[in-house]
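So the structure is just underneath, and the comments pick up after that.
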Amino acid sequence: HQGYNTNFPASYVPPVGPGMWVPLPGQIALQPEWGDTRPFVLANTSSTIPGPPPTFSTTGGSPFYNYANAVYTQSANNTPGQVIIAQYWADGGGTISPPGHSVSMLSNILIHENASLETATIQYAKMGMAMADAFRACWKTKFIYNCIRPIGYINDNIDPNWVPLVSTPPFPEYPSGHSSQSGAMEVIMESYLGNSYSFTDSTHGSNFGGPRFFNSFNEAAEEAAISRLYGGIHFEFGNQIGLTTGRAVGANIDSLFNLITLSIDEVSDLTYVQIYPNPATSEINFNVKGIDNYSIEIYNVMGQNIQFEKGNSNKIDISNLTPGMYHMNIMDVQNSKLLSKSFVKN
């Protein structure tokens, strides 16, 4: 409670032992108890609190050694483009921060889409809750396992003079916070605009090689994650587990909103159509009032009619559809269109 009042509690003593995180000189652990704060949805599940990192070992050729050596080798071979990526996503202390970067991307897109106040309100709420729960899950995991940072491992076992491109922050390695929040961002944004939405991120203006263009939210999340490898502050297993954890958190938040927000369109004074959930995974439920007989046509984004449902079924099976955005026409018995509605298949 009120942990934000004491970001660096001097009372916390990191555990010691092989493979344990060791603060750099002058560092104090940042928010070691933040993982015990109250989440919005589902805490301490197998999807939001992952298992342990690879078994620690200093033996050459062991999995852990290979992960560390990959960081060391990457830092010596970063291309100019990879250096820019590391700097672009650094978002360290005193800057916009990783979750601030995600909110900034959302803001730019809401403006670009000329989103309504209602849409913006829902999307900001979903993003904020997802960022909060992603970092809560990440921090809980970090201080369960207290995994050593690359700089500690590499200095002790590979090169005592090595330093990373990006400054190492004051908390354990596993999993990556950037990756965790980026995975959550990916799911929340895909639930809004689909998995093939392209956009330009102008968060940093012309700094660090910006603005940057992305073909999808997945591409942006993956780049944010690997930037930590380029920067030398995360092993690749920390990045990948972070993405997985964040995506699970994002799905939890998305499911919560599916329970409490219904899509309702009025067709006339006596008719309305309600569909839920949206986004959906396997089926869409219907509540149609004011009309006895109707049919439904589903189109992909290319305008191709890919599915037709006739009758008064209160649900449609969409498990055969590939993930993405679709449009449906709800027709009356004379095949006159009553309503068009978009939905996202997860």
Side-chain angles (χ1 to χ4, degrees), residues 47-48 50 53-54 67 70-71 73-75 77-92 96-106 108-109 126-127 130-131 133-135 137-138 141 150 164-166 173-204 208-254 279 322-325 344 346:
S47 64
T48 58
Y67 278 115
V71 176
T73 302
Q74 180 67 53
S75 69
N77 294 281
N78 274 333
T79 66
Q82 289 168 337
V83 171
I84 287 175
I85 289 172
Q87 294 170 337
Y88 188 82
W89 294 101
D91 296 326
I96 195 170
S97 79
H101 196 148
S102 289
V103 172
S104 172
M105 288 192 291
L106 171 61
N108 291 336
I109 289 170
K126 291 175 72 172
M127 183 67 77
M131 295 298 98
D133 274 13
F135 269 97
C138 177
T141 307
L165 175 65
V166 175
E173 193 276 347
Y174 177 81
S176 159
H178 271 60
S179 304
S180 299
Q181 72 92 32
S182 296
M185 174 278 297
E186 174 189 340
V187 171
I188 295 303
M189 293 305 298
E190 285 186 352
S191 75
Y192 171 32
L193 293 167
N195 63 1
S196 59
Y197 182 89
S198 59
F199 67 100
T200 297
D201 176 24
S202 57
T203 294
H204 293 305
F208 313 120
R212 292 187 68 80
F213 175 81
F214 298 100
N215 290 299
S216 65
F217 300 113
N218 171 265
E219 185 177 281
E222 293 282 350
E223 184 177 280
I226 203 168
S227 75
R228 313 310 274 167
L229 175 65
Y230 299 157
I233 62 173
H234 275 290
F235 305 115
E236 187 58 8
F237 62 76
N239 294 330
Q240 292 305 311
I241 294 299
L243 283 172
T244 299
T245 300
R247 287 163 180 156
V249 168
N252 287 343
I253 297 297
D254 201 42
T322 58
M325 180 170 286
V344 174
N346 282 335

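Being a predicted model, the structure only gives us computed values, none of them experimental. We number each residue from 1, following the sequence as shown.
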Mind checking salt bridge (Lys or Arg N to Asp or Glu O under 4.0 Å) for Glu236 and listing every partner two or more places apart, or none if nothing turns up?
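Counting only residues at least two positions away or on another chain, Glu236 forms no salt bridge (Lys or Arg N to Asp or Glu O under 4.0 Å).
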Among residues at least two apart in sequence or on other chains, which ones pass salt bridge (Lys or Arg N to Asp or Glu O under 4.0 Å) with Glu173?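 In terms of salt bridge (Lys or Arg N to Asp or Glu O under 4.0 Å), with neighbours along the sequence ignored, Glu173 is linked to no residue.
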If I take atom [atom1] from residue [X] and atom [atom2] from residue [Y], how far apart are they, to the nearest 0.5 angstrom?
X      : Y      : atom1 : atom2 : answer
Leu165 : Ile85  : CG    : CD1   : 11.5 Å
Ser227 : His234 : OG    : NE2   : 9.0 Å
Ile109 : Ser104 : CD1   : OG    : 9.5 Å
Ser196 : Asn218 : OG    : CG    : 11.5 Å
Ile84  : Trp89  : CD1   : CH2   : 14.0 Å
Asn108 : Thr203 : CG    : OG1   : 5.5 Å

Considering residues at least two apart in sequence or located in another chain, which fulfil the side-chain contact (heavy atoms from CB on, under 4.5 Å) criterion with Asn195?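 Partners of Asn195 by the side-chain contact (heavy atoms from CB on, under 4.5 Å) criterion, ordered by chain and then number, come out as Glu190, Pro323.
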Margin query: So, using side-chain contact (heavy atoms from CB on, under 4.5 Å) as the criterion, who are the partners of Phe208 when residues are at least two apart?
Written below: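 If we apply the side-chain contact (heavy atoms from CB on, under 4.5 Å) test to Phe208, skipping adjacent residues, the hits are Gln87, Tyr88, His204.
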Non-hydrogen atoms of [X] and [Y] that approach each other most closely:
X      : Y      : value
Pro164 : Gly232 : CB-O, 3.5 Å
Ser191 : Val344 : O-CG2, 3.8 Å
Thr245 : Thr48  : CG2-O, 3.5 Å
Gly177 : Phe135 : O-CZ, 3.8 Å
Lys126 : Ile253 : O-CG2, 3.7 Å
Ser182 : Ala221 : O-CB, 3.5 Å

**Request:** Sequence neighbours left out, what passes side chain to side chain donor-acceptor pair (under 3.5 Å) with Glu222? Give chain and number order.
**Result:**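 Once residues adjacent in sequence are excluded, the partners of Glu222 under the side chain to side chain donor-acceptor pair (under 3.5 Å) criterion are Arg247.
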Quick check: do [X] and [Y] have side-chain heavy atoms less than 4.5 Å from each other?
X      : Y      : answer
Pro175 : Cys138 : yes
Ser198 : Phe214 : no
Glu223 : Arg212 : yes
Met105 : Met189 : no
Ser180 : Val249 : no

Query raised in the report: So which of Tyr174, Phe235, Phe237 actually passes ring-ring contact (aromatic ring centres under 6.0 Å, His included) with Tyr67?
Result: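 Considering Tyr174, Phe235, Phe237, a ring-ring contact (aromatic ring centres under 6.0 Å, His included) with Tyr67 is found only for Phe237.
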### Task
Please confirm whether the backbone N or O of Gly250 pairs with a side-chain atom of Asp254, one donor and one acceptor, at under 3.5 Å?
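Checked: no pair found.
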**Q.** Asp91 side chain to Ile96 backbone, donor-acceptor under 3.5 Å
**A.**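 No: the side chain of Asp91 does not pair with the backbone of Ile96.
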*Which residue pairs pass the ring pair (Phe, Tyr, Trp, His ring centres under 6.0 Å) test when at least one of the two sits in residues 177-198, sequence neighbours left out?*
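Every pair satisfying ring pair (Phe, Tyr, Trp, His ring centres under 6.0 Å) with a residue in residues 177-198: Tyr197-Phe217.
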Criterion side-chain contact (heavy atoms from CB on, under 4.5 Å) on Leu229 and Gln82, from CA distance to verdict: CA-CA 10 Å; Leu229 175 65; Gln82 289 168 337; over 6 Å; no
- Item | Gln181-Ser102 side chain donor-acceptor pair, cut-off 3.5 Å |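 Side-chain D/A pair, Gln181 to Ser102: present.
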